[in-house]
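Here the structure comes first, spelled out in structure tokens, and everything after it is commentary.
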Amino acid sequence: RTREWMEMNSLLGCFVESHLATLNDDQVQQLSRLLTHRDVVLYPWLAGKAPVPAEMLNEPNDRNEVMVMLLRYVNPKHPALKQIS
């Protein structure tokens with residue numbers, strides 16, 4: 001799917017190209033769910049301008065591993081990574 005913003009299309013496209021082959025089935029589903037969010041929601045999370053929902057990072061059964069991977073890809077020192085338990 002083409003993203004609303006070219007920058008997000010490029011960022012997410014490069015991430016997917018780099019990681020898709022190594023994702024397991026659960027992670028592919030997590031990626032799919034993550035990509036349902038609009039760019040106006042995702043970009044602030046990735047840029048550290050808005051908090052990433054805690055359940056995406058901290059709930060052991062609901063943690064979106066792909067979101068964590070994406071945050072590390074964008075910025076290995078992303079502030080949201082400090083929340084991971």
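By convention here, the first residue in the shown sequence is residue 1. Values below: all heavy atoms of this structure, side chains included; hydrogens, waters and symmetry mates excluded.
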Which side-chain N or O atoms in residues 68-78 pair as donor and acceptor under 3.5 Å with protein atoms at least two apart or in another chain?
from	atom 1	to	atom 2	distance (Å)
Asn75	OD1	Lys77	N	2.9
His78	ND1	Ala80	N	3.0
His78	NE2	Trp45	O	2.9
His78	NE2	Leu46	O	3.1

### All side chain to side chain contact (heavy atoms under 4.5 Å, CB included) counterparts of Gln29, not counting sequence neighbours
Arg33
#### Entry: Partners meeting side chain to side chain contact (heavy atoms under 4.5 Å, CB included) with Asp26 (sequence neighbours left out)
Asn24
### Message
Please report the interatomic distance CE(Met56) to CD1(Ile84), rounded to the nearest 0.5 Å.
### Response
12.0 Å
#### Entry: Option from Thr36, Val52, Leu12 for which side-chain contact (heavy atoms from CB on, under 4.5 Å) with Leu42 holds
Leu12
### Query
Under the side chain to side chain contact (heavy atoms under 4.5 Å, CB included) criterion, do Val66 and Phe15 qualify, and how do the steps go?
CA-CA 10 Å; Val66 175; Phe15 173 80; 3.9 Å; yes
### Task
Without swapping roles, check the side chain of Gln30 against the backbone of Glu65 for a donor-acceptor pair under 3.5 Å.
yes
### Query
Has the side chain of Arg63 got a donor or acceptor atom that lies under 3.5 Å from a matching backbone atom of Leu57?
yes
### Query
Would you say the side-chain atoms of Ser32 pair up with the backbone N or O of Val28, donor to acceptor, closer than 3.5 Å?
no
